[in-house]
2 protein chains.
Amino acid sequence: MRPSRLGLSSVDAVLTWIDAAARRLERENAPLRDAVGRVLTDDIRAERPIPACDSAALDGFAVPAHQTLGASAYNPLALPLIGVAADDALPAGMDAVVPLEHGEPDEAGRIVVVEALAPGGNVDRQGTVVAAGALLISAGTLLGPRHIGILAAAGCAQVSVVRRPRVRILIADPTRSGAVDSNGPMLSGLVERDSGIVSQHISVDRSRSALADALTAGGSDIVLLVGGTGPGRDDEAAPALTAAGELAIHGVALRPGETMGLGRTASGVPVVLLQGSPPACLWSYELFAGRVIRQLGGRDPGLPYRSRMMTTTRKIVSSIGVTEICPVRCRLEGRAEPIASFAEIGLMAAVNADGFVIVPETSEGYPAGTSVNVHLYDDR
Amino acid sequence: MRPSRLGLSSVDAVLTWIDAAARRLERENAPLRDAVGRVLTDDIRAERPIPACDSAALDGFAVPAHQTLGASAYNPLALPLIGVAADDALPAGMDAVVPLEHGEPDEAGRIVVVEALAPGGNVDRQGTVVAAGALLISAGTLLGPRHIGILAAAGCAQVSVVRRPRVRILIADPTRSGAVDSNGPMLSGLVERDSGIVSQHISVDRSRSALADALTAGGSDIVLLVGGTGPGRDDEAAPALTAAGELAIHGVALRPGETMGLGRTASGVPVVLLQGSPPACLWSYELFAGRVIRQLGGRDPGLPYRSRMMTTTRKIVSSIGVTEICPVRCRLEGRAEPIASFAEIGLMAAVNADGFVIVPETSEGYPAGTSVNVHLYDDR
């Protein structure tokens, strides 16, 4: 491939445009049971202390501690039997709990204590977990199951979270080649991973007017238009976006991904033009479209992969002036082995890879033995 | 807390029971669009080569390479104009592609070539990505979006994946304390994280007969019964499981989590008895119930957290004979700072933590400066 460098934006310039254009969506209330994976919009403070009152720390028998003074194996004391389970409120007048296995009920239905307890023994004092008014979870937290547990304990039935971005996926109908649509199903999976909702997923005739009409139709927070992004006469994605609003960027120094486009409709909805070629579509999504969606949803806008420094086992070659995505295998601890590229084997490069290295446009690659930052798929 | 050690199984013994009892569920077909996050049951091979025939590697003009011999800026050659887009099949007789920006259409509607091409230039040969019959994706792969793309390209409309486990969550009604149910919403989130489907989520009267009846009702691949797991008189979860089938394990040397139970109904459905106390419920789920679900679903049965060796900033104290879960904060690179325990502040320990260390029962903890394996929440 020897594409023209003319007019290609740098990856950084595209990210800067996205970060200025894509604002976090508004809040909505979500019932607690649907709140896992959502992003909290506000700090949540405890309205009341947890525990709300002094409570049993374990299953056993509630006692007034002062009545156990002097109890021992040689001086067992019988007290009224008041059974409590862990987390039960302590009955009035009780301030300690004899563990189940240390208290023996007698025939008179009393509990026999053989050890003295201090006041507060085996008791969770009111507010020990959280005092009233204390911060439970900070705004911006991505809620996991453990957060849901504490929110339920604090009596929250619903929480205010960032609305999930609605995403329209438009496939510019590839009538001329009759090729299968590899991109639509892949994009649906990517959008859902980034917590977007695919609100529409349709094929559109690839004429400029049909594409412009489809771009203009509302009902979503972002539109992904797939196919027809090239500079050819049949490639109407960019002219259609110009007609429907604003084409801010067309062409980026990214491989795969050079003919990606970016802009917005006349009503301000962000539009990403993704390539029909699956590897280019994948990487334009990962770096750009996904970033818009993640940002709309209030999530970390960066790539959703963990990364680790690893040592290259062989040379990685890249071109100056183009950011390149280089697939690697990581079968040996701490080592990244470059494998066949996206240019050579398309999406199979991603399937064969354990992760990838992003070689910036200022670099022509790395010799063997270089320490590089590897983004890991983590799904093996 | 001074619970009796009597009769507690080791964590390893419980894991061994689970690994013998929980078998991967059967296969089902999933449409490609719903296959992200599912586990493939069989190797998938390419039925036909990819590309299916020689195809354009980029947008441009298809030419017979031999007719470009001798072309240069001083000797431009005019050829019939045959436009192709990337991934288009090459028309018959053509074996190279002039990139769009290197070919200039002339007034006669022909394409002017100023550079010679070798046969195969800018062409993706049939089968370059994958030969017919080659392995595309191995059995056992957890399908990500990139896999979906290559499956679509290979013409798969659906794939055979492991069925998702159906999970019934029964909450033993905590009528005696009137406490809120922190566990149900948290468990729903955990089950979904592990790719289970919550098929039922109900409260059940905590009498033995009501619980036994509820356990016996069918319609799921596993039952989680929450509450009433202790050894007290009102704790009927274990006797109910004995009545409904088999109580294989009751009590485990895990903190939090000691009164967890495990067994199966008379018809062989695994049952996990989880504690009403939220931290105990959380950890019995993470280590045991979640493992059953992950295993039923064909996933990695281990904890679904990445782990990393880090250095303790302070002493971690644990008891010999009990596996303990110790929350840590990881605000400094490579350092794990022990924070207030689950015994002290319940679920807030998990909320405050960036991860946790599992101290095995053979250990009484670690001095400051020890290298320990930290499981990371990774959601900040």
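Values reported hereafter were calculated over all heavy atoms of this structure, with side chains retained and with hydrogens, waters and symmetry mates removed. Just so it is clear, the model here is predicted, and its values are computed rather than measured.
Residue contact with chain B, scored on non-hydrogen atoms closer than 4.5 Å, involves the backbone and the side chain of A:Val129 alike. Contact of B:Ser188 with chain A is made through the side chain alone, with heavy-atom distances under 4.5 Å. When heavy atoms are compared at a cutoff of 4.5 Å, B:Glu192 does not approach chain A at all. When heavy atoms are compared at a cutoff of 4.5 Å, B:Phe61 approaches chain A solely by way of its side chain, counted from C-beta outward. Looking at A:Glu344, the atoms closer than 4.5 Å to chain B (heavy atoms on both sides) all sit in the backbone: N, CA, C or O. Contact of B:Arg306 with chain A is made through the side chain alone, with heavy-atom distances under 4.5 Å. For B:Leu136, the parts lying near chain A are the backbone and the side chain together; criterion is any non-hydrogen pair under 4.5 Å. Heavy-atom distances place no part of B:Leu376 under 4.5 Å from chain A, backbone and side chain included.
Residue B:Glu47 places its CD atom among 12 or fewer non-hydrogen atoms of other residues, nucleotides or ligands, all under 6.0 Å distant.
By number of non-hydrogen pairs under 4.5 angstrom with chain B, the leading residue of A:Asp34, A:Asp124, A:Ile150 is A:Ile150. The candidate from B:Gly149, B:Ala35, B:Gly230 with the greatest count of non-hydrogen atom pairs under 4.5 Å with chain A is B:Gly149.
With hydrogens and angles ignored, the 3.5 Å screen pairs no side-chain donor or acceptor of A:Arg33 with any backbone N or O of B:Pro185.
Rounding to the nearest 0.5 angstrom, the gap separating the CG atom in B:Asn352 from the CZ atom in A:Arg146 is 9.5 Å. Between atom CG of residue B:Leu58 and atom OG of residue A:Ser277 there is a gap of 10.0 Å, rounded to the nearest 0.5 Å.
In plain terms, the two heavy atoms of A:Pro145 and B:Gly189 that are nearest each other are CG-C, 3.9 Å. Here the closest non-hydrogen pair linking B:Val130 and A:Met348 is CG2-CG, 3.4 Å.
Looking at heavy atoms from C-beta onward, A:Val351 lies in side-chain contact with B:Ile137 at the 4.5 angstrom threshold.
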